[in-house]
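First up is the structure itself, then whatever we jot down about it.
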Amino acid sequence: MPRLTALDPAAAEGKAKTLLDGVQKALGVAPNLMRTLAHSPAALDAYLSFGKALGAGRLGRKLGEQIALAVAGVNGCDYCASAHTLMAKGAGVAEDELARNLGGWSSDPKVAAALAFAVQVTATRGFVSDDDIRQIRDAGYGDGEIAEIVGAVALNTFSNYFNHIAETEVDFPFVPANGRVAA
């Protein structure tokens with residue numbers, strides 16, 4: 001049972017309505033996360049704007065979804081594991097990679113390095129080691145990509161924590177975050 005309720009888009013007004021209408025137009029649906037965040041148009045706008053900005057970055061949509069899965073796995077967020085599994089499929093992530101990504105790894109060495117770094121950032125709350133930085137650089141990521149990985153971790157940690165607090169009802173095909181594959 002959700003602790004915070006999802007706003008009915010038909011009852012939304014003002015900025016909340018504008019934002020939810022935009023989500024509906026872009027996705028074809030207004031997911032419960034967005035509907036629940038819409039009680040604070042500022043929070044929903046911040047979430048959407050941050051995601052849009054990162055989506056225009058260097059990492060690309062596919063790697064962004066893979067990072068979202070890894071962060072959901074570390075943070076144990078069933079809502080985001082479910083939502084980002086579906087979105088990752090839509091971004092071209094192979095079926096056999098989804099569980100790996102949720103577990104923070106990949107069969108692709110460059111993606112694996114990005115996910116390992118994202119997991120370290122999440123698990124250490126940003127207190128990564130010099131060795132972690134060396135490894136991500138050795139994998140071919142520069143300062144811009146590192147900044148975007150940290151941004152993706154921050155954005156996804158926000159949604160993970162919000163879903164934990166709200167107990168947002170999962171409105172995607174259910175994927176448990178605890179179903180991770182060990183690295």
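Small disclaimer: the values here were computed from a predicted structure and weren't measured.
Every residue two or more places apart in sequence or in another chain that forms a side-chain contact (heavy atoms from CB on, under 4.5 Å) with A118 is listed here: I67, I149, V153. Residues that satisfy the side-chain contact (heavy atoms from CB on, under 4.5 Å) test with T18, not counting sequence neighbours, are absent from this structure. Under the side-chain contact (heavy atoms from CB on, under 4.5 Å) criterion, V119 pairs with A70, V74, sequence neighbours left out. Listed by chain and residue number, Q120, F127, V128 satisfy the side-chain contact (heavy atoms from CB on, under 4.5 Å) test with T124 (two or more places apart in sequence, or in another chain).
Of the possible polar contacts, one joining the D171 side chain to the N32 backbone as a donor-acceptor pair under 3.5 Å is found. No side-chain donor-acceptor contact under 3.5 Å links E167 to the backbone of R3.
Identified under the salt bridge (charged side-chain N to carboxylate O under 4.0 Å, His left out) test for residues 121-134, with sequence neighbours left out: D131-R134, R134-D138. Each salt bridge (charged side-chain N to carboxylate O under 4.0 Å, His left out) pair with one or both residues in residues 105-114, not counting sequence neighbours, would appear here, but there are none. Among pairs with a residue in residues 27-47, none fulfils ring pair (Phe, Tyr, Trp, His ring centres under 6.0 Å), at least two apart in sequence or across chains. Residue pairs meeting the salt bridge (charged side-chain N to carboxylate O under 4.0 Å, His left out) criterion with at least one partner in residues 75-93, sequence neighbours excluded, are K89-E95. For residues 49-104, the set of pairs meeting the ring pair (Phe, Tyr, Trp, His ring centres under 6.0 Å) definition, not counting sequence neighbours, comprises Y79-F172. Within the structure, every pair that satisfies the side chain to side chain donor-acceptor pair (under 3.5 Å) test and touches residues 48-62, not counting sequence neighbours, is listed here: D45-S49. Legend: side chain to side chain donor-acceptor pair (under 3.5 Å) pairs involving residues 141-153, not counting sequence neighbours, sorted by first then second residue: R137-D143.
With rounding to the nearest 0.5 Å, the separation of CG in L20 from CD in E13 is 12.0 Å. To the nearest 0.5 angstrom, N75 atom CG is 9.0 Å from S159 atom OG. One distance of note links NZ of K17 with CG of L7; it measures 10.5 Å at 0.5 Å rounding. A distance of 12.5 Å separates CD1 in I165 from OG1 in T36, rounded to the nearest 0.5 Å. If you take CG on N163 and SG on C80, they are separated by 4.5 Å, rounding to the nearest 0.5 Å. To the nearest 0.5 Å, atom CZ of residue F162 and atom SG of residue C77 are 11.0 Å apart.
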Determine, step by step, whether D21 and K25 satisfy the salt bridge (charged side-chain N to carboxylate O under 4.0 Å, His left out) criterion, reporting the C-alpha distance in whole Å, the side-chain angles of both residues, the deciding distance to 0.1 Å, and the verdict.
-> CA-CA 6 Å; D21 286 349; K25 183 176 179 185; over 6 Å; no
After noting the C-alpha distance and the side-chain angles of Q66 and S106, does the key distance pass the side-chain hydrogen bond (donor to acceptor under 3.5 Å, both in side chains) rule?
-> CA-CA 9 Å; Q66 292 172 291; S106 172; 4.7 Å; no
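Scanning both residues, P173 and L86, for their nearest heavy atoms gives CD-CD2, 4.4 Å. Between P176 and L102, the shortest heavy-atom distance links the atoms O-CD2, 3.6 Å. When every heavy atom of K15 is checked against every heavy atom of P41, the shortest pair comes out as CG-CB, 3.6 Å. What you find for N156 and A68 is that their closest heavy atoms are OD1-CB, 3.3 Å. Annotation for P9 and R35: closest pair CD-NE, 3.5 Å, computed over non-hydrogen atoms. Minimum interatomic distance between V23 and P31 (heavy atoms only, all atoms of both residues): CG1-CD, 3.8 Å.
Applying the 6.0 Å contact sphere to CD of Q135 captures more than 12 heavy atoms from other residues, nucleotides or ligands.
Side-chain contact check for V93 versus N101: some heavy-atom pair is nearer than 4.5 Å. Considering only heavy atoms from C-beta on, T168 stays 4.5 Å or farther from P2 through its side chain.
Hydrophobic cluster membership is shared by L155 and L27, with clusters built from Ile, Leu, Val, Met, Phe, Trp and Tyr side chains linked at under 4.5 angstrom. Using a 4.5 Å cut-off between side-chain heavy atoms of Ile, Leu, Val, Met, Phe, Trp and Tyr, with links allowed through other members, L54 and L63 fall into different hydrophobic clusters. If you chain together hydrophobic residues whose side chains sit under 4.5 Å apart, V111 and L69 never meet in one group. The cluster map of Ile, Leu, Val, Met, Phe, Trp and Tyr, joined by side-chain heavy atoms under 4.5 Å apart, puts Y161 and V121 in different clusters. F174 and L98 fall into different hydrophobic clusters, where Ile, Leu, Val, Met, Phe, Trp and Tyr residues are linked whenever their side-chain heavy atoms come under 4.5 Å apart, directly or through other members.
Under the 4.0 Å criterion applied to side-chain N and carboxylate O atoms, D96 and R100 are assigned as salt-bridge partners.
Hydrophobic clustering, defined by side-chain heavy atoms of Ile, Leu, Val, Met, Phe, Trp and Tyr closer than 4.5 Å, leaves M87 isolated from every other such residue.
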